[in-house]
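Structure first, commentary second.
A note on names: the letters A, B, ... follow the listed sequences, proteins ahead of strands, and every chain is numbered from 1.
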Protein chains: 2
Amino acid sequence: MNHFDYIDQQILLQIREDARKPFSQIAEELKISNSLVHQRIRKLKENGVINKAEFVIDEKQIGYKTKSYVGIRLKEARYAKSVVNDLAKIPEILECNYVSGNYALFILIFAYDNHHLRNILYEQVHQIDGVAGTDSFICFDTNFKRQITLESLVKGKQI
Amino acid sequence: MNHFDYIDQQILLQIREDARKPFSQIAEELKISNSLVHQRIRKLKENGVINKAEFVIDEKQIGYKTKSYVGIRLKEARYAKSVVNDLAKIPEILECNYVSGNYALFILIFAYDNHHLRNILYEQVHQIDGVAGTDSFICFDTNFKRQITLESLVKGKQI
DNA sequence: GCTGAAACAAGTAGTGT
DNA sequence: ACACTACTTGTTTCAGC
């Protein structure tokens, strides 16, 4: 487990909201040198706390209007690995997890519309060897979507 | 619906993978001026296609080991709005959607461990007025997690 | 572990085609 | 819609505390 101090926490809070924020500006606000900001960010990368900076694309704006979570049941548990492999080939599936409960796998799909979603499920997912059935949870609206809190992050003294 | 050309597509492909990639470098690779890169990105922002750049934080590295999707059933549909309001106050809930199917709401929770998850569900979520019950889909492993494909984005000629 | 200065690279804005 | 130039700003490295 990593150790974070107040500076690390503050840097993380800022860059996760704006990955293009100038390091020099962060330095100014925290009243530290910009080389220190640089150093800390390098260490956070080395420790795998942050990996990459991404511009967030609004899926709706580029035509993907239907978002749906889908639970997948398998004929037998041993199919899991090969099913995951086949699911990975479908570009509209953005996330795939092994889960507890009624389903073996739980995936996230973005499709152009409901019809497109239906096609992906019936013509692609259901054709995969080992898939017994699926249940869809189509998202009518996303009420909120946010990043994890960092308030509890600082183990040391907060200056 | 927006119109995208080859340049827009290429810029999006690059900055969504590395939001800190110098615009001048993108310009060089696409053999255009860096002011054009700048212009295009400004337009993509104006159109809401991209909104912000975020550094991706690895939740596991900062102590959140348990990821779980949770379906929520309500006593009556009319509770939906106030329940969403109360869910938003729980910081470990990172996403909340209205969905079709067996559940009214579908949320994503990150907790320190299974015990912490149990506490959040029993002591917080289940106490909310209108919540009838929940089903948890704890993620044992995330096989993949990726961004949407942009191959189909270009409506015009690809040079 | 941190700062400060200096060399270098990138972002920005205005002008012209 | 795009490129070019001049100007401003940010990044990065390294010697020194």
Detail all sub-3.5 Å separations between protein N/O atoms and N/O atoms belonging to nucleotides 15-17 of chain C.
none

Expressed in angstrom and rounded to an integer, what is the separation of [X] atom [atom1] from [N] atom [atom2]?
| X | N | atom1 | atom2 | answer |
| --- | --- | --- | --- | --- |
| A:Asp5 | C:dG1 | CG | P | 9 Å |
| B:Lys31 | D:dA3 | NZ | P | 13 Å |
| A:His38 | C:dC8 | NE2 | P | 17 Å |
| A:Asp8 | C:dG1 | CG | C1' | 12 Å |
| B:Gln39 | D:dC2 | CD | C1' | 7 Å |
| B:Leu30 | D:dA3 | CG | P | 11 Å |
| B:Ile11 | D:dC2 | CD1 | C1' | 13 Å |

* Let me know which of B:Asn97, B:Val99, B:Val84 forms a side-chain contact (heavy atoms from CB on, under 4.5 Å) with B:Leu105. =>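 Looking at B:Asn97, B:Val99, B:Val84, the match for B:Leu105 under the side-chain contact (heavy atoms from CB on, under 4.5 Å) is B:Val84.
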
Compare every heavy atom of [Y] with every heavy atom of [X], then report the nearest pair and how far apart it is.
| X | Y | result |
| --- | --- | --- |
| B:Thr149 | B:Arg16 | CA-NH2, 4.3 Å |
| A:Leu87 | A:Cys96 | CD1-SG, 4.1 Å |
| A:Asn143 | B:Tyr98 | OD1-CE1, 3.1 Å |

* Asked: So with a 6.0 Å cut-off around NZ of A:Lys52, is the heavy-atom count from everything else above 12?
  ->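 Above 12, so yes.
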
Just the atom pairs and distances: protein N or O near nucleotides 4-6 of chain D's N or O, under 3.5 Å.
{"unit_1": "D:dC4", "atom_1": "N4", "unit_2": "B:Ser35", "atom_2": "OG", "d": "2.8"}

* To do: Check DNA chain D against residues 17-25 of chain A and give the residues with a non-hydrogen atom under 4.0 Å, in numerical order.
  =>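 Hits under 4.0 Å, by residue number: A:Pro22, A:Phe23, A:Ser24.
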
* Asked: Going by heavy atoms closer than 4.0 Å, what residues in residues 40-50 of chain B are next to DNA chain D?
  ->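 Under 4.0 Å from DNA chain D: B:Arg40, B:Lys43.
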
* To do: Examine the side chains of A:Thr66 and A:Asn114 and answer whether a donor and an acceptor come within less than 3.5 Å of each other.
  =>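 There is such a pair between these side chains.
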
* To do: Give the ring-plane orientation class for B:Tyr103 versus B:Phe137, where under 30° counts as parallel, over 60° as perpendicular and anything between as tilted.
  =>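 Perpendicular.
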
* Quick one: salt bridge (charged side-chain N to carboxylate O under 4.0 Å, His left out) partners of B:Glu95, sequence neighbours excluded? ->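 Expected list: A:Lys67, A:Lys145.
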
* Asked: With sequence neighbours left out, what residues match A:Ser33 under side-chain hydrogen bond (donor to acceptor under 3.5 Å, both in side chains)?
  ->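 Testing A:Ser33 for side-chain hydrogen bond (donor to acceptor under 3.5 Å, both in side chains), a comparison that skips the adjacent residues, returns A:Ser35.
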
* Asked: Do any N or O atoms from the side chain of B:Gln14 and from the backbone of B:Ile26 form a donor-acceptor pair under 3.5 angstrom?
  ->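 No; zero donor-acceptor contacts below 3.5 Å.
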
* To do: Supply the atom-to-atom distance B:Thr134 OG1 to B:Ile109 CD1, rounded to the nearest 0.5 angstrom.
  =>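 The CD1 atom of B:Ile109 is 8.0 Å from OG1 of B:Thr134, to the nearest 0.5 Å.
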
* Asked: Is the shortest distance from a Lys or Arg side-chain nitrogen in B:Arg40 or B:Asp8 to a carboxylate oxygen in the other one below 4.0 Å?
  ->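 Salt bridge present between B:Arg40 and B:Asp8.
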
* Got a salt bridge between B:Lys21 and B:Glu29, using NZ or NE/NH1/NH2 to carboxylate O under 4.0 Å? ->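 The answer is yes: the pair qualifies as a salt bridge.
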
